[in-house]
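All ligand and atom numbering here is 1-based and tracks the order in the structure.
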Amino acid sequence: MATLSEARFGLIVGGREEPGTNGDYRPVLDPATNEPVAQAAVASPDDARRAMEVAERAFRESPWASDEGARRSKALGKLASLLDSRTDEFARLETLNVGKPLRESRIDIAYVVRTLEYFAGMADKLEGETIPVPGARIDYTIREPLGVTVHIAPWNYPLLLAVRSVAPALAAGNSVVLKPASLTPLSAVAFGRLAPEAGVPDGILNVVPGNGADVGMALVDDPRCASVTFTGSGEVGPTIAEHAARRFVPLTLELGGKGPVLVFPDADLERAAKGVGYGIFQNAGQMCWAASRLLVHESIAGPFVEKVRSIAEGLKLGPGTQDGVEMGPLVSRDQAERVLDYVRDARESGGRVLAGGSKVETPPLSAGNFVRPTVLSDVPASSRAVREEIFGPVLVVRTFRDTEDAIRAANDTPYGLLSAVWTRDLATAHSVARRLETGMVVVNESPTTYPQTPFGGVKSSGVGFEQGMRAVETFTRRKNILLNVGAPRKKAGPS
Ligand code: NAD
């Protein structure tokens with residue numbers, strides 16, 4: 001029997017798993033050791049186009065789109081229960097591929113199950129409207145699926161962020177082509193393998209692992225592409241938007257963030273410190289919505305920052321598969337280098353490192369991409385560590401004088417994904433939440449979301465929202481039908 005490191009993960013096209021046309025496989029590395037954990041096929045642009053062709057044929061010829069929504073609901077429900085029964089297997093794949101602790105991966109898989117269940121419940125609730133019009137006429141709207149929807153996912157929550165848009169697209173009756181990130185294709189391919197058993201017709205759910213610039217772009221540029229959901233960096237997002245715009249293809253962009261967390265003096269400081277720690281060190285800080293800029297009132301800054309610093313220093317680092325580990329490695333050597341580069345830059349511009357700030361250099365962790373949980377203070381507001389998304393376990397601290405100062409600092413960023421506020425005062429919570437320029441605000445919580453709550457950003461964090469009841473509508477178009485039901489006019493003249 002092949003060990004996991006020899007196991008091959010192919011492309012899922014038309015309900016079958018296969019190698020790409022060029023037969024290329026590449027090793028997928030465990031970030032804790034940089035040893036291979038599996039081999040993943042590398043699709044070519046031709047494979048991408050073939051997946052689009054197969055998906056389009058399935059959309060036209062299978063009963064998926066035209067059937068009652070109840071059939072799609074049943075299939076999505078079955079996908080959820082199949083995944084649920086294999087939580088341990090999928091969580092392990094996610095941990096071996098991304099590095100996060102198994103406990104976090106299990107939470108991710110449970111979230112995917114819940115997402116599938118939520119959208120399974122929506123598949124038969126896509127209703128139109130009737131609209132009053134003059135005379136013997138009836139006007140009504142119906143919602144139709146778009147066709148083949150393209151989904152390009154990042155590496156930090158590989159299955160969760162893929163299914164977040166795939167589930168509503170399937171619920172609406174579309175066929176789907178998913179491209180996982182090239183670093184983390186395993187769980188998406190394993191998910192695609194479940195489709196036939198769940199009763200999803202062949203060709204409705206396709207997965208093509210491969211490089212972004214060629215495979216991802218071939219999907220977006222394909223004339224059969226009817227919608228694009230891109231979750232990824234602010235560098236790639238605009239290129240995707242330009243290409244989609246050439247054919248007026250509807251688009252959702254979920255991009256980066258630089259979330260502020262505002263701590264007021266009346267907050268429950270114990271809970272707030274834990275929330276701040278979780279909001280930046282979970283998944284080793286590789287989160288679009290990481291609360292990565294701590295803004296704390298000057299009257300409590302000393303003791304509060306000390307609490308956060310001791311949380312950072314106390315976290316147990318190690319491979320995600322090991323019991324009791326609280327933070328795993330970063331996804332790749334490059335990502336670890338990129339994060340450390342921000343820390344160097346912050347130091348050089350006068351910043352102080354209160355915790356962490358370095359790679360773990362002692363064996364056995366030195367073989368992996370472990371960066372210590374890091375807290376920086378006194379970093380100039382203009383420095384890269386304050387302005388740019390670091391996407392690692394690095395918290396930047398700044399104090400504020402009063403509410404106006406806090407809001408100004410919070411909004412002084414090109415990003416607008418999520419803000420966090422810690423206060424016991426309802427009036428402060430409400431008024432500050434309204435003035436923060438982000439798509440989401442959490443109060444007295446670390447970043448938290450549910451399949452039923454909208455998720456999205458403003459400013460450079462993206463366009464469009466995912467999750468919630470309206471997400472399914474994103475994957476439909478409205479058609480207006482006007483019916484004249486009047487009796488034919490009687491002809492004039494002798495009867
Ligand atoms: P990335 O932009 O490098 O890649 C994202 C996906 O796009 C991958 O599948 C990649 O292969 C593909 N891709 C890359 N270049 C492409 C191109 N030219 N054409 C088509 N596809 C292309 O991002 P990443 O490094 O995988 O993920 C990290 C980024 O994702 C961070 O900026 C993070 O904030 C963001 N993110 C956002 C959200 C959100 O919901 N807003 C969630 C998670 C991650």
Could you tell me whether the side chains of Glu361 and Ser366 share a donor-acceptor contact shorter than 3.5 Å? no
List, one per line, each side-chain donor-acceptor pair under 3.5 Å for residues 22-36, sequence neighbours excluded.
| residue | atom | partner | partner atom | Å |
| --- | --- | --- | --- | --- |
| Asn22 | OD1 | Asp24 | N | 3.2 |
| Arg26 | NH1 | Asn211 | OD1 | 3.2 |
| Arg26 | NH2 | Asn211 | OD1 | 3.1 |
| Asp30 | OD1 | Ala32 | N | 2.8 |
| Thr33 | OG1 | Glu35 | N | 3.1 |
| Asn34 | ND2 | Ala367 | O | 2.9 |
| Asn34 | ND2 | Asn369 | OD1 | 2.9 |

Determine whether the aromatic ring centres of residues His243 and Phe230 are separated by less than 6.0 angstrom. no
Polar side chain donor-acceptor pair, Glu242 to Thr239, under 3.5 angstrom: no
What distance separates Thr374 OG1 from Tyr342 OH, expressed to the nearest 0.5 Å? 14.5 Å
Using a distance-only test with no angle check, is there a side-chain donor-acceptor pair under 3.5 angstrom linking Thr95 and Ser105? yes
What does the contact table look like for ligand 1 (nitrogen or oxygen on each side, cut-off under 3.5 Å)?
| residue | atom | partner | partner atom | Å |
| --- | --- | --- | --- | --- |
| ligand 1 | 2 (O) | Ser233 | N | 2.8 |
| ligand 1 | 2 (O) | Ser233 | OG | 2.6 |
| ligand 1 | 9 (O) | Ala153 | O | 2.7 |
| ligand 1 | 9 (O) | Lys179 | NZ | 3.1 |
| ligand 1 | 11 (O) | Lys179 | NZ | 2.9 |
| ligand 1 | 11 (O) | Gly212 | N | 3.4 |
| ligand 1 | 19 (N) | Gly212 | O | 3.3 |
| ligand 1 | 21 (N) | Gly212 | O | 3.4 |
| ligand 1 | 23 (O) | Ser233 | N | 3.4 |
| ligand 1 | 25 (O) | Trp155 | NE1 | 2.9 |
| ligand 1 | 26 (O) | Trp155 | NE1 | 3.3 |
| ligand 1 | 30 (O) | Gly232 | O | 3.2 |
| ligand 1 | 32 (O) | Glu389 | OE1 | 2.7 |
| ligand 1 | 34 (O) | Glu389 | OE1 | 3.3 |
| ligand 1 | 34 (O) | Glu389 | OE2 | 2.5 |
| ligand 1 | 40 (O) | Arg164 | NH2 | 2.7 |
| ligand 1 | 41 (N) | Leu255 | N | 3.3 |
| ligand 1 | 41 (N) | Leu255 | O | 2.7 |

